[in-house]
Amino acid sequence: MSNPSLLILAGDGIGPEVMDQVKRVIDWFGEKRDMAFDVSEDLVGGAAYDKHGVPLHDDTMAKAQEVDAVLLGAVGGPAYDDLDFSVKPERGLLRLRKEMDLFANLRPAQCFDALADFSSLKKDIVAGLDIMIVRELTSGVYFGEPRGIHVENNERVGVNTQRYTESEIARAARAAFDLARKRGNKVCSMEKANVMESGILWRDVVNEIHQAEYSDVELSHMYADNGAMQLVRAPKQFDVILTDNLFGDILSDCAAMLTGSLGMLPSASLGAPMANGRPKAMYEPVHGSAPDISGQGKANPIACILSFAMALRYSFDQGAEATRLESAIEKVLADGARTGDLMGPDGGTPMSTTQMGDVILSALDASL
Ligand code: NAD
């Protein structure tokens, strides 16, 4: 059997810096755990624009469709701010998501004990937090038609349409239920069925899928506004939160901040299963290209490394190895390893990106 394949698109700014540490981790798994990957690399975002005049070359898109998983760093930066909308770095990312039809966006919000003080909430509310938000990513109000700005009765009117089909809701719901079975077995679905017809349909379809296929999973429903309150009041009540594109955009950013630094947050975007049974998948840190610190060796590589851990778990069915990697990160944080973004007000000397990679690799060695 051939090795599983990975396409690395490191992108711009700190993307290549954090991805260098991920490559070391990938090599470690090849050497020490007999899990070799066929890794190829290509350009995305501003880096692709500089070479090809587009933020994602067609050949790169074709490669992304063929591999078992894509690992992406970050795109964008001030040098590209004035480009035409159609060739902005972010269009490369959106094209990948759209053409791979990555309909389920998974954003874990996990609070490592050693970093509980970083949260804006009280330590006991967030310590040990481990929740997952599943956001529908390819439909809803960001894509619905009609949309636009037109003139009506001598004034401008802005229009967007919240639109969901049954099958779009069903596939997002299945992704959430499947995940819950691998975690705490609970799904809370959030919408606004009290004021939106699309919310009524969302709730109906989630109930139908639950009854027919996932009655072993505990299901609850919550209006999304209450969900936002509950996320900051008592986030540990949740396991998997399932929600649409718009509410998911907001709720997942809110949940992210429960855990402290942007440099710690991974994500996965999954699509339909391919012929080999693996889902189409792209893994990327939540943060951007951080132009303020890029090129200085200051970036925290953990979000990107945790994104690779998600790839191990969700693309390659290597849950135990993903846990090994996450535990190594937990260990180095407990031992006091800190990049600049994780320094408290008392200061101290922050580690460089490479030094953080070094201690994570040592902790992996120690796990054997
Ligand atoms: P950003 O996430 O790049 O940075 C926000 C702040 O967090 C900065 O102060 C940065 O230094 C810090 N930060 C982010 N990641 C860090 C890390 N790993 N280690 C340490 N500190 C980290 O967001 P921004 O400044 O709003 O955007 C910068 C550029 O990135 C823009 O061009 C934006 O469009 C792009 N962007 C890309 C993505 C993506 O590729 N998915 C996401 C968000 C923003």
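Read the numbers this way: they start at 1 and go in the same order the structure lists the ligands and their atoms.
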Counting heavy atoms only, name the option from [options] that's nearest to [atom].
| atom | options | result |
| --- | --- | --- |
| atom 28 (C) of ligand 1 | A79, C304, G76, P291 | P291 |
| atom 29 (C) of ligand 1 | P285, S289, G288, A303 | S289 |
| atom 21 (N) of ligand 1 | I293, T353, N300 | I293 |

>> Any heavy atom of V18 closer to ligand 1 than 4.0 angstrom?
In response: no
Output yes when [X] and [Y] qualify as a salt bridge under the 4.0 Å nitrogen-oxygen rule, no when they do not.
| X | Y | result |
| --- | --- | --- |
| D81 | K88 | no |
| D101 | R171 | yes |
| R97 | E284 | yes |
| D216 | R181 | yes |
| E321 | R324 | yes |
| R24 | D358 | yes |
| D20 | K23 | yes |

Enumerate the atoms of ligand 1 whose separation from the nearest heavy atom of [X] is less than 4.0 angstrom.
| X | value |
| --- | --- |
| E284 | 41 (N) |
| G263 | 17 (C), 18 (N) |
| L262 | 2 (O), 5 (C), 7 (O) |
| I14 | 15 (N), 16 (C), 17 (C), 18 (N) |
| A299 | 19 (N) |
| A74 | 40 (O) |

> Is ligand 1 under 4.0 Å from a heavy atom in the side chain of D341, in the backbone, in both, or in neither?
Replying inline: side chain
>> Can you tell me which portion of L72 lies within the under-4.0 Å heavy-atom range of ligand 1? Options are side chain, backbone, both, or neither.
In response: neither
>> Checking the N or O distance criterion of under 3.5 Å, is ligand 1 in contact with G77?
In response: yes
What protein heavy atom lies closest to [atom]? Include the residue and the distance to one decimal.
| atom | value |
| --- | --- |
| atom 11 (O) of ligand 1 | D292 OD1, 2.8 Å |
| atom 12 (C) of ligand 1 | A290 CB, 4.5 Å |
| atom 14 (C) of ligand 1 | H287 CB, 3.6 Å |
| atom 34 (O) of ligand 1 | E90 OE2, 2.5 Å |
| atom 37 (C) of ligand 1 | V75 O, 3.1 Å |

> Parallel under 30°, tilted from 30 to 60°, perpendicular over 60°: which one fits the rings of H52 and H57?
Replying inline: tilted
> Under the ring-ring contact (aromatic ring centres under 6.0 Å, His included) criterion, do Y314 and Y283 qualify, and how do the steps go?
Replying inline: CA-CA 10 Å; Y314 299 119; Y283 299 88; 7.3 Å; no
>> Using the rule that Ile, Leu, Val, Met, Phe, Trp and Tyr join whenever any side-chain heavy atoms are under 4.5 Å apart, tell me whether I302 and V18 fall into a single cluster.
In response: no
>> Please tell me if atom 24 (P) of ligand 1 is touched by the protein, where touching means a protein heavy-atom distance below 4.0 Å.
In response: no
> Can you name the one residue among F29, W28, F316 that meets ring-ring contact (aromatic ring centres under 6.0 Å, His included) with F37?
Replying inline: F316
>> Applying side-chain hydrogen bond (donor to acceptor under 3.5 Å, both in side chains) to H150 and E152, what does each step give before you reach the verdict?
In response: CA-CA 7 Å; H150 64 271; E152 221 177 272; 2.7 Å; yes
